[in-house]
Amino acid sequence: MGKPVIQVSSVTYAMKSRELLFRYGIKAYVERSTRSSRAGCGYSLYVPERTDEAEQILRKANIRILGRLERADLR
């Protein structure tokens, strides 16, 4: 199963996004993007559950989303 990751435009937006999603009861974790998936600043949000809902919340809050990936969890 892939690891759902939402790419955002800056580390600042990644941190703001995490806090916003926590207010909605959605766990999100800021992490450095892998080299192959980097766009923008190189930071993303790992959202293990409710990823579609999280993306909608971020878009409604005018947070620029660069993309969404499902990548293998290497941990």
Side-chain angles (χ1 to χ4, degrees):
M1 183 172 168
K3 184 176 179 179
V5 177
I6 299 172
Q7 296 176 304
V8 293
S9 61
S10 72
V11 67
T12 303
Y13 275 120
M15 296 171 78
K16 287 180 180 182
S17 297
R18 180 191 62 195
E19 296 304 316
L20 175 63
L21 294 175
F22 277 167
R23 287 194 295 251
Y24 281 86
I26 299 173
K27 291 181 183 179
Y29 306 93
V30 175
E31 62 177 41
R32 189 99 169 129
S33 297
T34 61
R35 279 185 181 222
S36 62
S37 66
R38 271 194 202 157
C41 70
Y43 284 89
S44 300
L45 291 168
Y46 165 48
V47 185
E49 298 175 352
R50 299 169 57 193
T51 312
D52 292 334
E53 182 182 354
E55 186 174 347
Q56 290 175 354
I57 291 167
L58 297 178
R59 289 188 188 280
K60 285 181 184 177
N62 293 319
I63 292 175
R64 186 172 168 228
I65 295 174
L66 300 178
R68 183 166 148 187
L69 303 170
E70 292 274 338
R71 60 181 169 82
D73 189 0
L74 302 174
R75 295 181 207 192

Measuring from atom [atom1] of [X] to atom [atom2] of [Y], what distance do you get when rounded to the nearest 0.5 angstrom?
| X | Y | atom1 | atom2 | answer |
| --- | --- | --- | --- | --- |
| S44 | Q7 | OG | CD | 4.5 Å |
| I65 | Q56 | CD1 | CD | 10.0 Å |
| N62 | Y13 | CG | OH | 8.5 Å |
| L58 | K60 | CG | NZ | 11.5 Å |

Transitive ILVMFWY side-chain link F22 to I26, under 4.5 Å: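 Hydrophobic grouping puts F22 apart from I26.
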Over all atoms of both residues, closest heavy-atom pair of [X] and [Y]:
| X | Y | result |
| --- | --- | --- |
| P4 | Y46 | O-CD1, 3.4 Å |
| I6 | A54 | CD1-CB, 4.4 Å |
| A28 | V47 | CB-CG2, 4.1 Å |

Greater than 12 external heavy atoms within 6.0 Å of E49's CD: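 At most 12 heavy atoms, drawn from other residues, nucleotides or ligands, come within 6.0 Å of this atom.
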Residue Y24 excluded, over 12 heavy atoms near OH under 6.0 Å: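 No - once you tally the heavy atoms of other residues, nucleotides and ligands closer than 6.0 Å, there are 12 at most.
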Would you say that [X] contacts [Y] through its side chain, given a criterion of any heavy-atom pair below 4.5 Å between the two side chains?
| X | Y | answer |
| --- | --- | --- |
| M15 | V8 | no |
| R68 | T51 | yes |
| V30 | L45 | yes |

Derivation and outcome, side-chain contact (heavy atoms from CB on, under 4.5 Å), residues R32 and Y43: CA-CA 5 Å; R32 189 99 169 129; Y43 284 89; 3.1 Å; yes
Cationic N near anionic O, under 4.0 Å, R59 to E55: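 Yes, R59 and E55 are salt-bridged.
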Criterion side-chain contact (heavy atoms from CB on, under 4.5 Å) on I57 and I63, from CA distance to verdict: CA-CA 9 Å; I57 291 167; I63 292 175; over 6 Å; no
Check: G25 main-chain N/O paired with R50 side-chain donor or acceptor under 3.5 Å: yes
